[in-house]
Student: 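Before I ask anything, here is the structure I am working with.
One-based numbering along the sequence shown. Counting convention: from 1, in listed order, for ligands and their atoms alike.
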Amino acid sequence: MTAPDIAKAWDEVRAHARRLRATTLRRLFETDPDRFSRLSARLDDLTIDFSREKLDAPALEALIALARAAGVAARRDAMAAGAPVNVTEGRAALHMALRGSVPAPRGDDPAATLARFLDFAEAVRQGRVVGAGGPFTHVVNIGIGGSDLGPAMAARALAPDIDGPRLRFVSNVDGADFAEAVADLDPARTLVIVSSKTFGTLETLANARLARDWLGPCAAGQMAAASANVEACARFGIPAERVFGFWDWVGGRYSVWSAIGLPLAIGIGAQRFRAFLDGAAAMDRHFLTAPAERNLPLLLGLIGVWRRNAMGWPTVALIPYDHRLARFPAYVQQLDMESNGKRVTLQGDPCPMATSPVIWGEPGTNAQHSFFQLLHQGTDVVPVDFIAAALPRAADPGHHDMLLANCLAQARALAFGRTEAEAAAHMAAAGETPERIARLAPHRTFPGDRPSTTILHRQLDPFALGRLIALFEHRAFVQGVIWNVNSFDQWGVELGKETAGGLIEAIRTGQARGADQATRELLNIVKELRR
Ligand SMILES: O=P(O)(O)OC[C@H]1O[C@](O)(CO)[C@@H](O)[C@@H]1O
């Protein structure tokens, strides 16, 4: 685990990358009939197929050796033991304790806190806690970033399980967000939850004040909060019995398992919320104990490092073939890019290599009809992570077969492409003239050799969703260790926040003292346009 060991492991990985750049996925499949079994791994009904990555078994061994040299297992165990792995803030990162996988710090009791917010969720669902106009028909969650994306993504993913009040999510400080969310709601039958770890986020406080005004006389009895800053909730006027706390060892983007999950719990009920936690705990157990060669988050993390550093590909597309996972790419975008979008190492030195790729995506099949053109024939290689379920939830099975077929087809087409000779033969078989074939074959050629990983599970239910999220959480952790960055802070969001704070008054007054030339000119134009 010394610097020379790590450097030597990187040299090995890079040597394999040079070797593999000279071959193609077609060739790799042709020469190895056992490629799938060598380059896939399974946990119960969850399979990860990375046989279509530009890897082979020796390269994978070199990556696993890199993980050993970088001390991934030791750092994982330190995180699980509650060590202050968030070194810049002197905090632990114990989201695993929220699902009972590892102990919480002495004095903190996540199980009791969970029981308390689940009791409240059930009381709302059963009409024991009601609004001024009767049982709640709707819950509006106000939060942003990790205090929004987790529950909002999960509420959409688990729509078939929502049998409590309907859920709405407001995050943006653009007043249109709140206005749209409440347009058709009755304030007397709406519960508003303010979700904010710090209870100091500008957008959330602005929207919480708007909500308090909208609720009017109902506000006192119809607001609740999820926060690690219980005193600030009290100052805002939310009674202590409606405040559900958590701890500074839960990072915002890792907080859906805490009271931040309250809106989800109200929607799906306590039992399903516990199944969601159990799914994450199953992945935790696997991550903490499975050998490297079969450890799913470790393997996914290493594939990410391979793509980013050995192959030099700067972005990754995340494409769930699951309409209800529409917000999953945005969720993973925050998880990965806020965790590992870092430019200095744990020691504060400039990172010697690229860190988090840009993660983006949309659900299939819609994505096929928008940006897949570039994935197949553009000049950049964009690795893809596909997610698919063998069975639909509450949807037409015939449709699901078409959905799944498209997912498998895309992975195959990206990997193997269609050569110019094949394109020409295809056109000839369709009766095209030799002139048209000569002219169009280059346009109809697919280079292939475009990598992807397919994550396939049985069905998207609360357990499976919890397991999937934990898989991506641990993937981000593994990559953070290899890049030697702090995956648990987010100082990069501060400068913009501070600057905006100074400019609010400038927009109101038109006076931009101390601002740069471009900002001053834009403020002048705003002033002119507002006349
Ligand atoms: O829950 P809070 O404290 O309102 O913060 C919201 C989000 O803002 C961030 O701090 C980034 O601006 C995220 O990390 C966090 O999830």
Side-chain angles (χ1 to χ4, degrees), residues 85-95 98 113 117 140-155 169-174 177-178 192-212 223-236 238 243-264 327-343 356 359 469 472-473 476-477 480 485-502 504:
V85 289
N86 177 355
V87 291
T88 58
E89 297 178 302
R91 292 177 184 163
L94 275 170
H95 39 285
L98 299 171
T113 307
F117 81 75
V140 173
N141 186 72
I142 293 178
I144 197 164
S147 299
D148 164 71
L149 282 164
M153 175 277 289
F169 293 87
V170 175
S171 52
N172 203 325
V173 78
D174 184 336
D177 198 4
F178 182 80
V192 173
I193 302 175
V194 185
S195 294
S196 175
K197 177 175 171 182
T198 55
F199 217 86
T201 304
L202 173 113
E203 292 90 333
T204 300
L205 291 184
N207 281 325
R209 284 191 286 268
L210 204 57
R212 192 172 53 189
M223 291 188 90
S227 181
N229 187 350
V230 176
E231 298 76 30
C233 300
R235 283 197 298 277
F236 185 86
I238 300 177
V243 177
F244 302 94
F246 58 99
W247 305 272
D248 70 357
W249 42 263
V250 182
R253 53 194 173 274
Y254 301 88
S255 64
V256 66
W257 325 100
S258 72
I260 294 292
L262 176 61
L264 179 67
R327 293 295 283 158
F328 197 68
Y331 178 82
V332 173
Q333 205 170 49
Q334 186 201 15
L335 179 61
D336 276 29
M337 292 170 70
E338 198 163 77
S339 295
N340 291 332
K342 305 287 162 69
R343 56 172 284 282
S356 176
I359 314 254
I469 299 172
F472 278 83
E473 281 180 352
F477 175 79
V485 297
N486 182 0
S487 301
F488 300 108
D489 62 10
Q490 58 283 322
W491 301 102
V493 302
E494 293 303 325
L495 178 59
K497 273 192 207 172
E498 279 167 31
T499 311
I504 295 171

Student: What residue and atom, counting heavy atoms only, is the protein's closest point to atom 5 (O) of ligand 1, and at what distance?
Tutor: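 Here the nearest protein heavy atom works out to T201 OG1, 3.5 Å.
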Student: Is a side-chain donor or acceptor of N486 paired with a backbone partner of G480 at a separation under 3.5 angstrom?
Tutor: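 No.
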Student: What are the atoms of ligand 1, with element, lying closer than 4.0 Å to any heavy atom of K497?
Tutor: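 Contacts of ligand 1 toward K497, numbered from 1: 12 (O).
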Student: Check the angle between the aromatic planes of F472 and F328 and answer parallel, tilted or perpendicular using the 30° and 60° thresholds.
Tutor: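 Ring orientation, 0 to 90° scale: perpendicular.
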Student: What is the nearest protein non-hydrogen atom to atom 9 (C) of ligand 1, stated with its residue, atom name and distance?
Tutor: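 Protein heavy atom with the smallest distance to atom 9 (C) of ligand 1: E338 OE2, 4.3 Å.
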Student: Does V493 approach ligand 1 within less than 4.0 angstrom via side chain, backbone, both or neither, non-hydrogen atoms only?
Tutor: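 Looking at V493 and ligand 1, just side chain atoms fall under 4.0 Å.
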Student: Between the side chain of N229 and the main-chain N/O of A232, is any donor-acceptor distance below 3.5 Å?
Tutor: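 Checking the backbone N and O of A232 against the side chain of N229, a donor-acceptor pair under 3.5 Å is found.
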Student: Any chance you could lay out the side-chain hydrogen bond (donor to acceptor under 3.5 Å, both in side chains) test for W491 and E89, step after step, and finish with the verdict?
Tutor: CA-CA 10 Å; W491 301 102; E89 297 178 302; 5.3 Å; no
Student: As an exercise, identify every atom of ligand 1 less than 4.0 angstrom from a heavy atom of G146.
Tutor: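 That gives atoms 15 (C), 16 (O) of ligand 1.
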Student: Side chain or backbone, does S195 bring an N or O within less than 3.5 Å of an N or O on ligand 1?
Tutor: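 In fact, backbone or side chain, S195 has no N or O that close.
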Student: Which ligand 1 atoms are under 4.0 Å away from a heavy-atom of K197?
Tutor: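 Answer, ordered by atom number: 1 (O), 2 (P), 3 (O).
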Student: Just let me know how Q490 lines up against ligand 1, side chain, backbone, both or neither, with a heavy-atom cut-off below 4.0 Å.
Tutor: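 For Q490, only side-chain atoms sit under 4.0 Å from ligand 1.
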Student: Is T198 in polar range of ligand 1, meaning some N or O pair under 3.5 Å apart?
Tutor: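 For ligand 1, there is an N or O atom that lies under 3.5 Å from one belonging to T198.
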Student: Output yes when K342 and D489 qualify as a salt bridge under the 4.0 Å nitrogen-oxygen rule, no when they do not.
Tutor: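 D489 and K342: salt-bridged.
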Student: Please confirm whether R212 makes a cation-pi placement over F236, using NZ or CZ under 6.0 Å from the six-membered ring centre and within 45° of the ring normal.
Tutor: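 Yes.
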Student: Is a donor on one side and an acceptor on the other found under 3.5 Å between the side chain of S487 and the backbone of N340?
Tutor: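 No; zero donor-acceptor contacts below 3.5 Å.
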Student: At what distance is the nearest protein heavy atom to atom 6 (C) of ligand 1, and which residue and atom is it?
Tutor: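 Atom 6 (C) of ligand 1 sits closest to the protein heavy atom I144 O, 3.2 Å.
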Student: Taking V170's backbone N and O only, do any of them form a donor-acceptor pair with N141's side chain (distance below 3.5 Å, no angle check)?
Tutor: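 No; judged by distance alone, with no hydrogens or angles, the pair does not exist.
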Student: Contact between Q334 and ligand 1, counting heavy atoms under 4.0 Å?
Tutor: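 Per 4.0 Å heavy-atom rule, Q334 contacts ligand 1.
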Student: Under 4.0 Å from a heavy atom of S147: which atoms of ligand 1 are those, numbered in the order shown and with their elements?
Tutor: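 The list of qualifying atoms is 1 (O), 2 (P).
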Student: Taking I260's backbone N and O only, do any of them form a donor-acceptor pair with K197's side chain (distance below 3.5 Å, no angle check)?
Tutor: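 It does not hold such a pair.
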Student: Is the shortest distance from atom 12 (O) of ligand 1 to a protein heavy atom below 4.0 Å?
Tutor: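 Within 4.0 Å of atom 12 (O) of ligand 1, protein heavy atoms are found.
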